[in-house]
Chemist: 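This is the structure, below, for whatever I ask next.
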2 protein chains.
Amino acid sequence: MTPRSTRPRERGIPEATVARLPVYLRALQGLAERGILTVSSEDLASAAGVNSAKLRKDLSHLGSYGTRGVGYDVDYLVYQISRELGLTQDWSVAIVGAGNLGRALANYGGFGTRGFRIAALLDADEGVVGDEVAGLRVGHIDTLEDVVSAERVSIGVIAVPAVAAQGVCDRFVEAGVTSVLNFAPVVLNVPPAVDVRKVDLSIELQILAFHAQRKADGRATAPPAGRIGAKEKA
Amino acid sequence: MTPRSTRPRERGIPEATVARLPVYLRALQGLAERGILTVSSEDLASAAGVNSAKLRKDLSHLGSYGTRGVGYDVDYLVYQISRELGLTQDWSVAIVGAGNLGRALANYGGFGTRGFRIAALLDADEGVVGDEVAGLRVGHIDTLEDVVSAERVSIGVIAVPAVAAQGVCDRFVEAGVTSVLNFAPVVLNVPPAVDVRKVDLSIELQILAFHAQRKADGRATAPPAGRIGAKEKA
DNA sequence: ACGCCCTTGTGAAAGCACGCACAAAGTGGG
DNA sequence: CCCACTTTGTGCGTGCTTTCACAAGGGCGT
Ligand SMILES: NC(=O)c1ccc[n+]([C@@H]2O[C@H](COP(=O)([O-])OP(=O)(O)OC[C@H]3O[C@@H](n4cnc5c(N)ncnc54)[C@H](O)[C@@H]3O)[C@@H](O)[C@H]2O)c1
Ligand SMILES: NC(=O)c1ccc[n+]([C@@H]2O[C@H](COP(=O)([O-])OP(=O)(O)OC[C@H]3O[C@@H](n4cnc5c(N)ncnc54)[C@H](O)[C@@H]3O)[C@@H](O)[C@H]2O)c1
């Protein structure tokens with residue numbers, strides 16, 4: 001059979017596109033707040049910081065939601081992108097690690113406004129458990145499995161020290177969480193069905209340093225690469 | 001002439017490679033701490049969560065620093081990658097916004113240990129200026145230009161609310177900062193010579209939500225393996 | 001009702017990135 | 001000294017991304 005006739009738009013949005021949809025969504029919400037009703041691909045692309053052809057191709061993966069000669073209806077597009085991203089439903093998030101970062105995350109208002117609900121903030125330190133952070137009481141890490149199941153947590157956030165991250169991750173996975181956002185600077189090992197994304201500050205800084213150095217160098221500066229012990233090239 | 005050109009690395013390392021070098025570096029440092037002297041591409045790749053062929057190709061962009069039949073000298077490779085990333089020098093970083101996130105960043109130990117020095121933490125709120133955070137006194141935003149110039153800040157970190165981000169960014173750029181790390185959920189507008197990287201929590205969550213929805217949606221329309229299923233994504 | 005003009009949606013081309021598979025290169029044993 | 005074995009470095013095919021360029025589609029003024 002040819003299942004291709006089943007859907008107006010094929011299931012199978014390129015990963016690169018998925019990563020940009022949230023950016024478009026935010027830009028659109030900004031436009032909506034300013035009372036703008038329609039927007040051309042050119043203007044939206046500019047607001048999102050991308051090339052307009054790319055934006056159109058990205059949106060074309062969702063369907064034909066534009067009107068030629070006019071542009072896109074802002075509200076409608078917000079809805080369509082939200083739906084595609086799964087934001088028409090709420091997602092429960094559990095944060096493990098109530099340290100500097102975990103608390104900052106819990107205090108961050110940008111969660112709830114976008115359909116993500118912090119169901120729990122857990123920590124292993126008895127001195128921290130019971131604290132109130134952003135109207136949430138810090139729970140004990142041992143309740144992780146219960147919380148995940150009771151609150152139907154589908155996204156786990158890891159904000160513990162690097163050495164503890166894999167262990168926390170394993171517990172999340174064991175408890176049935178299949179989406180993990182990792183702030184610890186380690187490579188997590190998970191089964192193929194689990195989706196891990198990482199946010200790594202050091203890496204970002206190092207990438208910036210690389211480019212900064214290159215800008216500063218200007219010309220080819222190959223300082224004596226040689227060093228103790230190892231083989232000398234040439 | 002024509003010596004097998006000592007030019008180990010051509011100018012022009014692929015961006016994708018640059019983004020992975022910090023991951024390799026961290027994995028190598030972990031090995032070094034455990035007293036491991038040499039490592040094969042297979043083992044290092046596994047520690048870094050990538051394919052070994054990819055790792056070898058990435059490293060080949062820096063030069064031929066491996067020994068066939070043996071592997072790579074851990075210390076030597078640490079040094080080479082560090083040098084390539086510009087980590088053999090120290091970088092001064094200025095953080096603007098001493099709120100939840102700014103404080104968490106300032107308190108984060110992982111900075112100094114990797115060659116990044118927090119030269120200043122600035123805020124506009126008079127009630128916050130003067131606070132001590134992580135042994136650092138919060139300065140007033142109006143001193144930004146002075147600090148940048150006096151401390152030779154080359155990397156600016158933006159941790160202010162979205163509405164204030166572009167303004168802070170403009171001041172950084174005006175002051176001569178050409179590398180910016182942005183935590184605010186906005187698209188920053190900068191001259192071409194300025195390098196901006198963003199860390200956007202909401203976007204990461206939304207991408208996770210997209211895949212989570214897809215997994216939950218009826219069937220496996222797309223085998224999770226093909227996408228960012230398992231190992232961490234770059 | 002007609003045609004002009006604007007903007008979308010999309011082939012096609014070019015550019016990157018990835019990973020396989022293997023020759024080359026070096027090690028260590030006999 | 002030679003050979004068997006290990007692991008690197010890379011040529012090459014494949015698939016994904018980006019960008020260009022334009023035909024098709026739709027609104028709007030006359
Ligand atoms: N603070 C930052 O700005 C920042 C930036 C980048 C990355 N990170 C990373 O984020 C993670 C957290 O950073 P932080 O500054 O919040 O550290 P932190 O030390 O302030 O907090 C860590 C918290 O995790 C808890 N914890 C430790 N082991 C645990 C376990 N097994 N189960 C549950 N809780 C446990 C500790 O009790 C502590 O409260 C670290 O991996 C760090 O490298 C932090
Ligand atoms: N807290 C988080 O976990 C988190 C997560 C993701 C993104 N963010 C983003 O990071 C940014 C900061 O978040 P936060 O939670 O720390 O906010 P916050 O409100 O706690 O802190 C913001 C700080 O910036 C200062 N500020 C405001 N305008 C300024 C200006 N023009 N110049 C200098 N300082 C100024 C404020 O005085 C305040 O101290 C926001 O854009 C937020 O969206 C935060």
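Note that these values count all heavy atoms, side chains included, but never hydrogens, waters or copies made by symmetry. Below, read A as the first sequence line, B as the second, and so on, with proteins coming before strands; counting in each chain starts at 1.
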Chemist: Any N or O donor-acceptor pair linking the side chain of Arg68(A) to the base of dT7(C) at under 3.5 Å?
Modeler: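 It does not, because no donor-acceptor pair links the side chain of Arg68(A) to the base of dT7(C) below 3.5 Å.
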Chemist: Which part of the nucleic acid, if any, lies within contact of Ala16(A), taking any heavy atom under 4.0 Å across all strands shown: a base, the sugar-phosphate backbone alone, or nothing?
Modeler: sugar-phosphate
Chemist: Compare the minimum distances between each of dA21(D), dG11(D), dT17(D) and the side chain of Lys57(B), then state the nucleotide with the smallest one.
Modeler: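 Closest nucleotide among those given: dG11(D).
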Chemist: If you check every side-chain atom of Arg56(A), which of dG9(C), dT7(C), dG9(D) has the closest atom?
Modeler: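 Nearest to the side chain of Arg56(A) among the choices is dG9(C).
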Chemist: To the closest 0.5 Å, what do you measure between CG (Leu77(B)) and CD (Glu84(B))?
Modeler: 11.5 Å
Chemist: Taking only side-chain nitrogens and oxygens of Tyr72(B), does any of them come within less than 4.0 Å of OP1 or OP2 of dG26(C)?
Modeler: no
Chemist: Which of these nucleotides, dT8(D), dT7(C), dG19(C), is closest to any side-chain atom of Ser41(B)?
Modeler: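 Nearest to the side chain of Ser41(B) among the choices is dT8(D).
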Chemist: Nearest whole Å is fine: how far is dT19(D) P from Leu59(A) CG?
Modeler: 15 Å
Chemist: Whole angstrom is fine here: how far is it from CG in Leu77(B) over to C1' in dT8(D)?
Modeler: 13 Å
Chemist: What is the distance from CG of Leu44(A) to C1' of dT7(C), rounded to the nearest Å?
Modeler: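 Leu44(A) atom CG is separated from dT7(C) atom C1' by 13 Å.
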Chemist: Between Tyr24(A) and Asp58(A), do the side chains contain a donor N or O and an acceptor N or O under 3.5 Å apart?
Modeler: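 Note: Asp58(A) and Tyr24(A) side chains meet the donor-acceptor criterion.
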Chemist: For Leu62(A) and dG9(C), give me the distance from atom CG to atom C1', rounded to whole Å.
Modeler: 13 Å
Chemist: Does one side chain, of Ser41(A) or Arg56(A), offer a donor that lies under 3.5 Å from an acceptor on the other?
Modeler: yes
Chemist: Report the distance from atom CG of Asp58(B) to atom P of dG9(D), rounded to the nearest whole Å.
Modeler: 12 Å
Chemist: Tell me the interatomic distance from Lys54(A), atom NZ, to dC20(D), atom C1', rounded to whole angstroms.
Modeler: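 Nearest whole value for this atom pair: 14 Å.
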Chemist: So if I take every side-chain heavy atom of Ala53(A) and compare against dG9(C), dT19(D), dC18(C), which nucleotide ends up nearest?
Modeler: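 Side chain of Ala53(A) sits closest to dT19(D).
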Chemist: Does a donor on one side chain sit under 3.5 Å from an acceptor on the other, for Gln29(A) and Arg26(A)?
Modeler: no
Chemist: State whether a side-chain donor-acceptor pair under 3.5 Å links Arg152(A) with Ser92(A).
Modeler: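 No, Ser92(A) and Arg152(A) have no side-chain donor paired with an acceptor closer than 3.5 Å.
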Chemist: Just how far, in rounded Å, is C1' of dC18(C) from CD of Glu15(A)?
Modeler: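 Between C1' of dC18(C) and CD of Glu15(A): 15 Å.
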Chemist: Under 4.0 Å between a side-chain N or O of Asn51(B) and OP1 or OP2 of dC20(C)?
Modeler: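 The answer is yes; a side-chain N or O of Asn51(B) sits under 4.0 Å from OP1 or OP2.
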Chemist: So, is Tyr65(B) close to the dT7(D) phosphate, meaning a side-chain N or O under 4.0 Å from OP1 or OP2?
Modeler: no
Chemist: Take atom CG of Asp73(B) and atom P of dT27(C), then tell me their distance rounded to the nearest Å.
Modeler: 13 Å
